[in-house]
Amino acid sequence: MTKNVLVLPGDGIGPEIVTEAVKVLGTLNLDIEIDSALIGGAAVDITGNPLPEETLVKARAADAILLGAVGGPKWDANPMEQRPEKGLLGIRSQLELFANLRPAILYPQLAEASTLKPEVVSGLDILIVRELTGGIYFGQPRGIRTLENGEREGYNTYVYSESEIRRIGRQAFEAAQKRGKRLCSIDKSNVLEVTVLWKEVMEELAKDYPDVELTHMLVDNAAMQLVRAPKQFDVMVTGNMFGDILSDAAAMLTGSIGMLPSASLDENGKGMYEPCHGSAPDIAGQGKANPLATILSVAMMLRYSLNELAAADRIEQAVEKVLDQGLRTADIMSEGCTLVSTEEMGEAVVAAL
Ligand code: IPM
Ligand code: MG
């Protein structure tokens, strides 16, 4: 049966990297139909809405979604509702894509590109499981209000229900079962009640997964441990905001955030796939962006939503091959390698396939 993939290029480098990823997908000769739609600033410019209804309708109907990136200085002064990021948060929330999987793998070919010592990062293979549709990103009430004394006050609400914690916890335990069987839950339970509950629910769940070793770590320590001795981790599970922050830190361990794919899944395995990096407006349109994170996101899409495991393996092997050939975009460039453009990198992956 034909599968439908919706492509959302978005803003900044989004269109360039998605073009290369779609080329790679097209090379595989699978029975996949590709449609595209607007999101983010590109959607604001044309429709006034960062998540037009038409996009949402297409997204609901698709088997999987591939997203580039959203955001840029052009829209930074817009009111909250007309900011590109609202489009991204909206689609995550509307489709209930609560489970965000962010693997951080160091390709041996890139050990030099990391800012950390090779012995600290070589062989790194961790998975961050980030809750994506709750926590302080979505908690109500929120806003900026004026107090009686005329002073303004900004406020957000950090809230998680038991069921929200349980469903992301299950995803994390199941992911750990398929890997090193170690799960570290990240919280701030020395200060925040919401994460006291988080920790308790994780402990309860652990009884259902006796083969997984559960540990807990405070988020400030986790940030430190990630740059001190990252290989101590197998799977990390955490809430929306801590996961946002820790996954950027983890990304840099691998040399460049330009290498990291991600999957955002709902309860039934439907998903949206996107690079972990942003829209990089400073290099947009210059052919400098690294398309590999988006290409690797296609591999995750084939594996998690389209049940094309062999094709997913082939993409990952092709990426290894171009790295072996010494091809590098600027973000991962090192001595003795060949600097290539976004398009050249995409073509090289296609050729390796
Ligand atoms: C991410 C991004 C988004 C987030 C932004 C663009 C809203 O940083 O996917 O990590 O904070 O979730
Ligand atoms: Mg982020």
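In each ligand, atom 1 is the first atom listed, and ligand 1 is the first ligand listed.
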**Prompt:** Does R130 count as lying over the ring of Y137, i.e. NZ or CZ under 6.0 Å from the six-ring centre, within 45 degrees of the axis?
**Reply:** yes
**Message:** I'd like to check which ligand 1 atoms, numbered from 1 as shown, lie under 4.0 Å from a non-hydrogen atom of Y137.
**Reply:** 4 (C), 11 (O), 12 (O)
**contact_flag H277 ligand 1 heavy-atom lt 4.0 Å** = no
**Fill in**
When L101, N100, L67 are each screened for side chain to side chain contact (heavy atoms under 4.5 Å, CB included) with S262, the one that passes is N100
**Prompt:** Based purely on interatomic distance, does R92 place a nitrogen or oxygen under 3.5 Å from a nitrogen or oxygen of ligand 1?
**Reply:** yes
**Asked** Hey, is K74 close enough to D11 for a salt bridge, meaning N to O under 4.0 Å?
**Response** no
**Request:** Measure M241 to ligand 1 on non-hydrogen atoms and call it side chain, backbone, both or neither using the 4.0 Å cut-off.
**Result:** neither
**Fill in**
Report for the Mg ion (ligand 2), protein N, O or S closer than 2.8 Å, by chain and number, lists D244 OD1
**Item:** Expected output: side-chain T329 to main-chain T342 donor-acceptor under 3.5 Å
**Value:** no
**Request:** Check whether any side-chain N or O of E200 sits under 3.5 Å from a backbone N or O of M202 as a donor-acceptor pair, and report yes or no.
**Result:** no
**Request:** For the residue pair Y273 and P261, establish whether any side-chain heavy-atom pair is separated by less than 4.5 Å.
**Result:** no
**Request:** List the closest protein heavy-atom neighbour of atom 2 (C) of ligand 1: residue, atom name, distance to the nearest 0.1 Å.
**Result:** D244 OD1, 4.0 Å
**Request:** Give the contacting part of R130 toward ligand 1: side chain, backbone, both or neither, where contact means a heavy-atom distance below 4.0 Å.
**Result:** side chain
**Item:** Option from V5, L25, L309, N307 for which side chain to side chain contact (heavy atoms under 4.5 Å, CB included) with L302 holds
**Value:** L25
**Prompt:** Any donor and acceptor pair, going by atom type alone, linking the side chain of S247 with main-chain N or O of D244 inside 3.5 Å?
**Reply:** yes
**Prompt:** Can you check whether N290 reaches M259 side chain to side chain, under 4.5 Å on heavy atoms?
**Reply:** yes
**Message:** Among all the protein's non-hydrogen atoms, which is closest to atom 1 (C) of ligand 1, and how far away is it?
**Reply:** R102 NH2, 3.4 Å
